[in-house]
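The structure appears below as structure tokens.
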Amino acid sequence: MISVRGLKKSYNGQKVLNGIDLDIERGERIVIIGPSGTGKSTLLRTLNFLEQPDAGTISFDTLKIDVANASSADIKKLRLHTAFVFQNYALFANRTAQENIAEGLQVVRGWKKKDALKRASEILSEIGLSDKADAYPAALSGGQQQRVGIGRAMAANADLILVDEPTSALDPEWVEEVLQLMGKVAAAHQTMLIVTHEMRFARDIADRVLFMEGGRIVEQGPPEKIFSQPDDPRLKQFLRKLL
Amino acid sequence: MRPLDFDYMLSILPVLLKYLPLTMGMASISMLLALGLSCLVAIIRVLQIPILNSLSKVFISFFRGTPLLVQLFLFYYGLPQIFTSLTALDGVSAAIIGLTLHFSAYMAESIRAAILGVDRSQWEAARSIGMSEGQMMRRIILPQAARVAAPTLVNYFIDLIKSTSLAFTLGVTELMGATQKEAAGSFLYFESFILVALIYWVIVEILSHIQKVLEQRLGKAVAR
């Protein structure tokens, strides 16, 4: 189980995360919704230490990290437990699609290059991009790039995949293929924490929906409850604007 | 106006070309050393490693802020007076050290700018999968920065080749030194120096061509 306790983060005195407590069960798919600037992305980024949190603890089973005193070895362990899917794909521009997926296996997890490329090739076939194995990111469409981004996260075999607005940077024509792939990954009971503005998608795949406001989790529950019978007035107002 | 003595030019061409390996050798060794040093300094500056960062700033400031000729004289004539163990420093070594340090300072700033020009997302993706800073630099950031920096670095190499001619002031008989000797013997200064100018020019033109090919190869990752 993954446990987050009292996670805090400020930028220049502005509190972005105001004490986040969160338990995530294995196989649980959690979607985070909420207005812009309420710390949704920051929460994901602190869980991977792309942003250094100010205070709190993050635990993966027996690994417990006090974020304020995390060593670089702690941070590396944490990163090996997590995988990140970026809004802007963030594929390595100097690596082909296949190499992008193999890179982490080979360099960080110490796989032989041959094995890493073979695993990457299997994943490419799962995400339906076998024919693009040797293409560099610049030669792929946004949707294809994001699918490789998801493939890279799948390769990590991580305990938790952090997904930051995977379709926000996409042209509308590519959104569906990315959501479909996300659905496929979710269907395999991969533990995921997803920030998205795609409410229909959230309703379809989430076991639990978190509503964040002002750097806190204000309300959470199963999607039927959150979308149909919200309690918090701020959540009601947020949903009214969207639907 | 007297006509040019082409026969003389043809006769000293093979003599001068014998010194081309020394000129290109000094330039190549200096360039390789400068590439290594400038990458190191650039990474120190980008990662803002304490103390080393301050030292790097002083290094860059000094070697960009003083003339190359002054630096060469300082290394060859000056330093051995202070550090007596350096008396064995020959002109070629002094020139290589001077050229290396001088061009490192310029190249470090170009490489630093190129590194900072690599999109933020590349750094984040590398860190997110658990790469160390060293792995990230070597595998992801520097190769992408190289593509941006390559044209500038070739320009510095061109400048470096021409700057080896200053080694003749340290008593090194390289291309320029050899020309000077020939000219002093024949008094045909115009013929001698126009010939050596042409030799430098041809080398630079060949390099410019290589530069174009290099850019195309490094650009393959971004080509559609």
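Protein chains get the first letters and strands the later ones, always in sequence-line order, with residue 1 at the start of each.
No hydrogens or angles considered: nothing links the side chains of Asp134(A) and Thr96(A) as a donor-acceptor pair under 3.5 Å.
Geometric assessment of Arg120(B) against the ring of Trp123(B) yields a positive cation-pi assignment under the 6.0 Å and 45° thresholds. Cation-pi geometry between Arg152(A) and Phe92(A) is met: the NZ or CZ atom falls under 6.0 Å from the ring centre, inside 45° of the normal.
A distance of 6.5 Å separates CZ of Phe73(B) from CG of Leu170(B), quoted to the nearest 0.5 Å.
When the candidates Ala156(A), Ala158(A), Ala153(A), Ala90(A) are compared by the number of heavy-atom contacts under 4.5 Å with chain B, Ala90(A) comes out ahead.
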So Asn53(B) and Arg45(B), side-chain contact (heavy atoms from CB on, under 4.5 Å) or not? Walk me through it.
-> CA-CA 5 Å; Asn53(B) 190 21; Arg45(B) 296 272 287 118; 3.3 Å; yes
Apply side-chain contact (heavy atoms from CB on, under 4.5 Å) to Phe63(B) and Gln71(B), showing your working.
-> CA-CA 8 Å; Phe63(B) 282 98; Gln71(B) 292 164 16; 3.3 Å; yes
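For Arg109(A), no part sits under 4.5 Å from any heavy atom of chain B, backbone or side chain. Interface remark: Leu91(A) contributes backbone atoms only to the contact with chain B (heavy atom separation under 4.5 Å).
A donor-acceptor pair under 3.5 Å is formed between the side chain of Gln98(A) and the backbone N or O of Leu117(A).
The interface of residues 130-141 of chain B with chain A, defined by heavy-atom distances below 4.5 Å, comprises Gly130(B), Met131(B), Gln135(B), Arg139(B), Ile140(B).
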